[in-house]
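Structure first, commentary second.
Values reported hereafter were calculated over all heavy atoms of this structure, with side chains retained and with hydrogens, waters and symmetry mates removed. The shown structure was predicted, so the numbers you read here are calculated from the model rather than taken from an experiment.
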2 protein chains.
Amino acid sequence: MTTSRRGRPPAGGRAQILDATYELLRDKGIARLTTKDIADRAGTSEGSIFYHYRTRDGLLSAVIEQALEPLVALRVHGVGGAPLPEILDIFTATVEEFLDRAVVVLFAAQADVDLRAGLHAFLAANADRKPQRGVELIGDHLAALQAAGRVRAGIDVHTAAFLLVSSCVLRVSQPWLIGDTEVPAREATVGTFLAMLAP
Amino acid sequence: MTTSRRGRPPAGGRAQILDATYELLRDKGIARLTTKDIADRAGTSEGSIFYHYRTRDGLLSAVIEQALEPLVALRVHGVGGAPLPEILDIFTATVEEFLDRAVVVLFAAQADVDLRAGLHAFLAANADRKPQRGVELIGDHLAALQAAGRVRAGIDVHTAAFLLVSSCVLRVSQPWLIGDTEVPAREATVGTFLAMLAP
DNA sequence: GTCTATAGGTTGATAGAC
DNA sequence: GTCTATCAACCTATAGAC
C-alpha cells in the first residue's frame, strides 16, 4: 500500500489511471468508458492498465473505493458542545462535500449488478454503517437538547435527522437526476430545520 | 401513437421489447445491456428491435420516457381542503410510487452523457417543472395553514416542503445506492414532519 | 513497469427472404 | 412486421520486446 513516493511519479502510474478513470466517469459516463479512452487520458498505454488492475472491473472497483475513501477514513465521534446551528452547518457541509465526489461512483455502480454488489459489500465491510451512524449521532445530540428543553418535545429527533440528511442527498443529486433546477440553499435548509426544532 | 389494439399483440411487438428492456435495466443494469439479451427476453429477434426503434439509443430513450410518463401525464392542481396529515400521506405515497419505477431509468441515464442530456431535455419539454411544482404546491398549502395559525410561524414552509420530498427520494434511492439499511418508514417521517410543523 | 501488436470475442446495425 | 444471416467496428485482455 505505497500510495506515495519521492519525486514525480511515472507518467503511466496507478494514480494517473485512477484519476483519468474518475474524470471520464464523471464527464462521459460509464456506458462508453473504454480502456483505450482511459489510457489516452492518463497518457499511458492500455497494457499498463491491465498490468496494474488486471481487469477493467478491477479498475472500476478501485475507482469506486477511492471515491468512498473519506467515508472509510471517517472517525465517528460525538459532536461536542458547539452551538447547534454550527454543528448542523458543519455536518451538512461535510456530507455534501463527500457526496459531490461520491455520487459519480454511486451512480456509475448502478449500471452493473456486479459493480453494485461490490459497492454494497465494500461499504458493509469498510464503512460499517457510518452513513446511518452520522444520522444517529445528530439524532442523539438532538435528543440531549430535547431532554434539556431546548428542542421541542414530542418529535422523533432521529427521524428529524433523517430529514436533514435527505435534503443534502437530494441537493447534490438533483442536478444529475433531473437537470438544473431550483433547490433551497443548504444554509436556508439548515435554518428552516432549526426553526422547526425550536421549542 | 396507437398504444393499444384488438386481440393479443404480436409476440415481438413494441410493448414486449419496451418491457424487456426496462426489466433488464432494473435487474442487470445498463452497462451490459445488449440488444441480443433484449431480443431473447422479449421473445423476438434483434431485427425487430431495430425495425421499431431504429437504434439502441432510440430504444433506451423510449424506455426512459415511458417510465417518466406518470410525471408527464400528471395534472398539477390544488390540494383541496382535506386534513393535512391525509394530504401529506397521499402526496408522499404518490411520489414514492412514481420513484420506485423512475429511479431505474434515472440512474441508468447517468451512465451516458447523451442519455442524461436527453432525459433532461425531455423533462424540460414535457414535465414543465412538475417536480418543483409539487413541492411548491405543498408549500403553498402550508403557507395558507400558517397564515391561519395552524402551522407555526417563523419557518419557511417551502423549504420545509423540500425537506419532506427529500426524504421520499432518499428512502427509495438508499437501497440502490448503499444497500439495504434502516430507514424511517414513510408514515413515521410524515408524522415527525407534522409534529415539527405544529404551532 | 511500460510499450506495441494482435488475438479473440462481442456488439450494434443492415440486407433480404418470407 | 418479423425472421435469419452476416458484417464491420469495437473492446478487453494477452504476449513479448524493451
(request) Starting from P on C:dG1, measure out to CD1 on A:I49 and report it in whole angstrom. (result) 16 Å

(request) Could you tell me the separation between the NE2 atom of B:H52 and the C1' atom of C:dA13, rounded to a whole number of Å? (result) 16 Å

(message) Whether the side chain of A:K130 engages the backbone of A:V72 through a donor-acceptor N/O pair (distance < 3.5 Å, no angle test) should be reported.
(response) yes

(request) Under the side chain to side chain donor-acceptor pair (under 3.5 Å) rule, collect the residues that match up with A:H141, sequence neighbours excluded. (result) none

(message) Run the side chain to side chain donor-acceptor pair (under 3.5 Å) test against A:S61 and tell me which residues pass, sequence neighbours left out.
(response) none

(request) Mind calculating the distance between CD1 (B:I17) and P (C:dG12) to the nearest angstrom? (result) 14 Å

(message) Can you measure B:D40 atom CG to C:dT11 atom P for me and round it to whole angstrom units?
(response) 11 Å

(message) According to salt bridge (Lys or Arg N to Asp or Glu O under 4.0 Å), does anything in residues 164-184 of chain B pair up with another residue at least two apart or in another chain? List the pairs.
(response) A:R129-B:E182, B:E96-B:R171

(request) State which residues pass side chain to side chain donor-acceptor pair (under 3.5 Å) with B:H120; sequence neighbours excluded, sorted by chain then number. (result) none

(message) Without decimals, in angstroms, what is the distance between A:Y53 OH and C:dG1 P?
(response) 12 Å

(message) Walk along nucleotides 11-18 of chain D from 5' to 3' and tag each nucleotide B, S or - by protein heavy-atom contact under 4.0 Å, base first, then sugar-phosphate.
(response) SBBB----

(message) Can you measure B:I30 atom CD1 to C:dT11 atom P for me and round it to whole angstrom units?
(response) 14 Å

(message) Once salt bridge (Lys or Arg N to Asp or Glu O under 4.0 Å) is applied, what residue pairs with a partner in residues 40-64 of chain A remain, sequence neighbours excluded?
(response) A:E23-A:R41, A:D27-A:R41, A:K36-A:D40, A:D57-B:R32

